[in-house]
Peer 1: 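This structure is in structure tokens; I'll ask about it shortly.
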Amino acid sequence: MSKERARRRAEREARREHAMRLNERRQARAARRRARRGRLVPRPVRVARQGGLLARRRRARNVVVLLGFLLVQALVWLIWGSAFLSFGVLVFSLLLAPVLVTLAFDRRI
């Protein structure tokens with residue numbers, strides 16, 4: 001009887017040892033993965049938002065340009081409703097937007 005208990009205890013201890021070794025290997029692998037990810041993935045850099053007059057004007061100008069762009073897209077979709085025409089106007093607007101922004105907001109003119 002005691003030999004049987006000793007054998008079962010030895011089996012339990014062997015299983016526990018095996019489980020502990022597996023757990024240690026998993027933890028070590030996870031630690032290496034975290035360390036490697038920490039080296040590879042750069043931390044996000046916080047950029048303070050500029051608060052001057054020029055920055056406010058630039059944000060306002062960007063909002064005006066975005067709202068105008070969205071308005072044109074919505075009007076084309078509502079008036080004609082064609083996906084092909086809407087896509088064409090989208091491409092045309094994307095190509096024309098920088099030109100219009102330069103003409104409308106460039107101070108050198």
Side-chain angles (χ1 to χ4, degrees):
M1 182 82 165
S2 66
K3 287 182 184 181
E4 181 65 26
R5 278 192 306 219
R7 185 184 60 77
R8 282 187 286 180
R9 185 179 336 114
E11 287 175 0
R12 277 194 315 266
E13 289 175 1
R15 282 194 303 261
R16 188 177 305 130
E17 287 260 339
H18 181 69
M20 286 175 51
R21 276 182 287 174
L22 281 176
N23 192 21
E24 288 173 358
R25 281 199 311 226
R26 283 189 199 120
Q27 287 177 350
R29 187 171 47 230
R32 286 192 306 268
R33 190 178 322 121
R34 279 191 303 271
R36 188 176 35 221
R37 183 179 53 200
R39 286 191 309 259
L40 293 178
V41 178
R43 301 270 183 217
V45 177
R46 285 196 70 207
V47 177
R49 188 168 147 176
Q50 297 175 347
L53 179 63
L54 294 177
R56 279 196 305 259
R57 285 183 182 168
R58 184 175 58 245
R59 281 193 295 274
R61 183 185 67 213
N62 290 342
V63 167
V64 167
V65 169
L66 180 65
L67 289 177
F69 180 80
L70 292 176
L71 179 69
V72 167
Q73 299 306 312
L75 286 175
V76 168
W77 182 258
L78 290 174
I79 292 173
W80 286 285
S82 166
F84 182 72
L85 183 63
S86 295
F87 181 71
V89 170
L90 174 69
V91 171
F92 184 69
S93 298
L94 287 174
L95 293 173
L96 192 62
V99 174
L100 292 177
V101 168
T102 302
L103 290 175
F105 296 114
D106 194 14
R107 295 184 202 207
R108 291 175 283 180
I109 295 176

Peer 1: Taking side-chain contact (heavy atoms from CB on, under 4.5 Å) as the definition, give me every residue that meets it alongside A55, ordered by chain and number, with sequence neighbours left out.
Peer 2: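 Counting only residues at least two positions away or on another chain, A55 forms a side-chain contact (heavy atoms from CB on, under 4.5 Å) with Q50, R58, R59.
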Peer 1: For E11, what residues pass the salt bridge (charged side-chain N to carboxylate O under 4.0 Å, His left out) criterion, not counting sequence neighbours?
Peer 2: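 E11: salt bridge (charged side-chain N to carboxylate O under 4.0 Å, His left out) contacts with R7.
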Peer 1: Could I get the full list of side-chain contact (heavy atoms from CB on, under 4.5 Å) partners for L71, not counting sequence neighbours?
Peer 2: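 Partners of L71 by the side-chain contact (heavy atoms from CB on, under 4.5 Å) criterion, ordered by chain and then number, come out as L75.
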Peer 1: Using a side-chain heavy atom cutoff under 4.5 Å and only I, L, V, M, F, W and Y, what cluster partners does L67 have?
Peer 2: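 Its cluster partners, ordered by chain and number, are V63.
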Peer 1: Among all residues two or more places apart in sequence or in another chain, which pass the side chain to side chain donor-acceptor pair (under 3.5 Å) test with R61?
Peer 2: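 Applying side chain to side chain donor-acceptor pair (under 3.5 Å) to R61 gives none.
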Peer 1: Search all heavy atoms of V99 against all heavy atoms of L95 and return the closest pair with its distance.
Peer 2: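 Reported closest heavy-atom pair: CG2-O, 4.2 Å.
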Peer 1: Using the rule that two of Ile, Leu, Val, Met, Phe, Trp, Tyr join whenever any of their side-chain heavy atoms come within less than 4.5 Å, decide whether L90 and L85 are in one cluster.
Peer 2: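 L90 does not cluster with L85.
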Peer 1: Is there any side-chain hydrogen bond (donor to acceptor under 3.5 Å, both in side chains) pair reaching into residues 62-83, and which pairs are they, with sequence neighbours excluded?
Peer 2: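 Only Q73-S93 qualify under side-chain hydrogen bond (donor to acceptor under 3.5 Å, both in side chains).
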Peer 1: Could you tabulate the donor-acceptor pairs under 3.5 Å formed by side-chain atoms of residues 12-29, not counting sequence neighbours?
Peer 2:
unit_1, atom_1, unit_2, atom_2, d
R21, NE, E17, O, 3.4

Peer 1: Evaluate the criterion side chain to side chain contact (heavy atoms under 4.5 Å, CB included) for residue pair V76 and F87; output intermediate values, then yes/no.
Peer 2: CA-CA 10 Å; V76 168; F87 181 71; over 6 Å; no
Peer 1: Applying side-chain contact (heavy atoms from CB on, under 4.5 Å), name anything that partners A6, two or more places apart in sequence or on another chain.
Peer 2: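 For A6 there are no side-chain contact (heavy atoms from CB on, under 4.5 Å) partners, ignoring immediate neighbours.
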Peer 1: Hydrophobic cluster membership, with links at side-chain heavy-atom distances under 4.5 Å among I/L/V/M/F/W/Y: are I79 and L70 in one?
Peer 2: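 No, I79 and L70 fall in different hydrophobic clusters.
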